[in-house]
Amino acid sequence: CRSERRYCVYDSGRLDRHRAVFLSFLLRRPPGTSREQCQRYWLHQHADLAVRNLRYLQFERYDQVHTVAGEGRPPEDDGWDGLVYVAKRSLAKLLGDLGKPNSARINDTVVLDELAFTLDTPVLLLRQTLEV
């Protein structure tokens, strides 16, 4: 898949990219849903719910990258419909905040909503490193 559309949905303006960690989610739409339907729901309905929870959990940034159909292939043959980057100030901050008792609210809201427009979403934890 090619990626041409990146949307910064939320940016606190406080992210230090040298210490930050990123949770990344690979999105794939379920059968019977078009790429356009999936991406429109993701950007307009799901993003609002996600941002409210991410602010609550003190995440610093939320970006969506929407894929477009690959050249020479029908849209339904592309493997992925998008990618999410969610940034946290540091790994220690991520682990500390996810360990709080009411952090499970993200599973009760955002994760349940994702079931409406995604299929088998892999999650990756990435750390940006400084090149010296």
Side-chain angles (χ1 to χ4, degrees):
C1 293
R2 292 182 309 149
S3 175
E4 293 180 350
R5 298 179 291 170
R6 183 174 185 142
Y7 302 94
C8 178
V9 178
Y10 171 69
D11 186 352
S12 70
R14 298 184 306 260
L15 185 65
D16 176 358
R17 291 192 168 271
H18 302 295
R19 297 185 58 219
V21 293
F22 298 86
L23 290 174
S24 297
F25 303 81
L26 298 170
L27 267 67
R28 181 183 341 193
R29 67 190 179 278
T33 303
S34 73
R35 179 187 310 271
E36 182 180 292
Q37 289 170 315
C38 173
Q39 291 176 345
R40 185 175 44 244
Y41 182 88
W42 178 29
L43 184 60
H44 298 290
Q45 276 79 33
H46 181 76
D48 182 55
L49 178 64
V51 167
R52 283 185 274 137
N53 281 276
L54 294 173
R55 282 182 179 157
Y56 176 78
L57 291 172
Q58 299 178 346
F59 279 83
E60 304 295 338
R61 188 171 170 106
Y62 170 40
D63 291 303
Q64 291 182 0
V65 179
H66 294 201
T67 58
V68 295
E71 227 173 276
R73 291 180 290 169
E76 62 273 5
D77 287 347
D78 279 331
W80 303 102
D81 298 296
L83 176 66
V84 171
Y85 295 103
V86 181
K88 192 73 171 164
R89 193 170 293 164
S90 68
L91 182 57
K93 185 84 171 122
L94 173 67
L95 296 175
D97 287 346
L98 289 177
K100 292 179 180 175
N102 51 1
S103 69
R105 72 183 255 165
I106 200 162
N107 289 327
D108 295 338
T109 55
V110 175
V111 174
L112 287 177
D113 189 57
E114 285 175 2
L115 295 175
F117 72 100
T118 65
L119 177 69
D120 302 327
T121 303
V123 179
L124 309 164
L125 176 62
L126 307 170
R127 180 158 191 275
Q128 185 162 332
T129 58
L130 271 176
E131 290 187 25
V132 182

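Nothing fancy with the numbering, it's 1 onward along the sequence.
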> Do any N or O atoms from the side chain of Arg28 and from the backbone of Asp81 form a donor-acceptor pair under 3.5 angstrom?
Replying inline: no
> Pro31: what forms a side chain to side chain contact (heavy atoms under 4.5 Å, CB included) with it, not counting sequence neighbours?
Replying inline: Leu119
>> Let me confirm one number: the CZ-CG distance from Phe22 to Leu15, rounded to the nearest 0.5 Å.
In response: 5.5 Å
> Out of Val9, Thr118, Val84, which one pairs with Trp42 under the side chain to side chain contact (heavy atoms under 4.5 Å, CB included) rule?
Replying inline: Val84
>> Under the rule for salt bridge (charged side-chain N to carboxylate O under 4.0 Å, His left out), what residues qualify as partners of Arg52, not counting sequence neighbours?
In response: Asp48
> To the nearest 0.5 Å, how far apart are CZ in Arg35 and OG1 in Thr67?
Replying inline: 4.0 Å
>> Keeping Thr33 on the side-chain end and Cys38 on the backbone end, is there a donor-acceptor pair under 3.5 Å?
In response: no
>> Just to verify, what does Leu95 make a side chain to side chain contact (heavy atoms under 4.5 Å, CB included) with, not counting sequence neighbours?
In response: Leu91
> Residues two or more places apart in sequence or in another chain: which of them pass ring-ring contact (aromatic ring centres under 6.0 Å, His included) with Tyr10?
Replying inline: none
> Could you give the distance from CG (Asp113) to CG (Leu49), rounded to the nearest 0.5 Å?
Replying inline: 5.5 Å
> Just wondering, do Arg61 and Arg17 contact through their side chains at under 4.5 Å, heavy atoms?
Replying inline: yes
> What is the distance from atom CD of Glu114 to atom CG of Leu27, rounded to the nearest 0.5 Å?
Replying inline: 6.5 Å
>> If the condition is salt bridge (charged side-chain N to carboxylate O under 4.0 Å, His left out), which residues does Asp97 pass it with, not counting sequence neighbours?
In response: Lys88, Lys93, Lys100
> What's the spacing between Glu60 CD and Leu54 CG if we round to 0.5 Å?
Replying inline: 10.5 Å
>> Is it true that, when you exclude Gln37 itself, more than 12 heavy atoms of the residues, nucleotides or ligands shown sit nearer than 6.0 Å to its CD?
In response: yes
> Got a sec, which residues hit ring-ring contact (aromatic ring centres under 6.0 Å, His included) with Tyr7, two or more places apart in sequence or on another chain?
Replying inline: His66
